[in-house]
Amino acid sequence: MLCKKNIEFITERNIKIILVQAPITTAAYQSYNNNVQFDSIMKSTGVAYYNFNQSLQIDDSLHFLNDHHLNQKGVAVFNNSLIRQLRQ
């Protein structure tokens with residue numbers, strides 16, 4: 001798997017990797033039928049993985065420009081949550 005080779009290449013050079021799945025609208029996220037499988041694959045890489053679609057409490061109508069892009073309010077909420085996560 002190419003992803004695994006990339007991760008090995010990077011970690012062998014003592015570079016920390018953090019995989020992040022940024023939030024999308026609830027409808028867009030639920031339209032994918034392989035979310036559990038994708039999360040499992042990302043978690044199996046051995047590096048930190050955060051899926052903010054499951055952990056971030058945001059409102060589709062208040063925090064998004066469209067299905068895949070946060071507006072400025074959404075960016076502020078996401079950034080604050082990501083920063084808190086990275087500080088742990």
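Count residues from 1 along the sequence. Predicted, not measured: the structure shown is a model, and the values here were computed from it.
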Side chain to side chain donor-acceptor pair (under 3.5 Å) partners for [X], two or more places apart:
X: D60; value: T26
X: Y29; value: N51, Q54
X: S61; value: D59
X: N66; value: H69

Report whether [X] and [Y] are members of the same hydrophobic cluster (ILVMFWY, side-chain heavy atoms less than 4.5 Å apart, transitive linking).
X: M42; Y: I18; result: no
X: Y49; Y: V47; result: yes
X: I15; Y: I7; result: yes

[atom2] on [Y] to [atom1] on [X], rounded to 0.5 Å:
X: N71; Y: I58; atom1: CG; atom2: CD1; answer: 9.0 Å
X: F64; Y: I24; atom1: CZ; atom2: CD1; answer: 7.5 Å
X: Y50; Y: L82; atom1: OH; atom2: CG; answer: 9.0 Å
X: F9; Y: I17; atom1: CZ; atom2: CD1; answer: 10.5 Å
X: E8; Y: I10; atom1: CD; atom2: CD1; answer: 11.0 Å
X: Q85; Y: N80; atom1: CD; atom2: CG; answer: 13.0 Å

Seminar exercise, completed: Scanning both residues in full, the closest heavy-atom pair of V77 with L56 reads CG1-CD1, 3.9 Å
For this session: Evaluate the criterion side chain to side chain contact (heavy atoms under 4.5 Å, CB included) for residue pair Y32 and N53; output intermediate values, then yes/no.
Result: CA-CA 12 Å; Y32 298 105; N53 289 290; over 6 Å; no
Seminar exercise, completed: Residues passing the ring pair (Phe, Tyr, Trp, His ring centres under 6.0 Å) test with F52, sequence neighbours excluded, are F78
Exercise. Between N35 and Q30, is there a donor-acceptor pair closer than 3.5 Å when you use the side chain of the first and the backbone of the second?
Worked result: no
For this session: For V75, enumerate each residue passing the side chain to side chain contact (heavy atoms under 4.5 Å, CB included) test, keeping only those at least two apart in sequence or located in another chain.
Result: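 So V75 forms a side chain to side chain contact (heavy atoms under 4.5 Å, CB included) with L70, Q72, N79.
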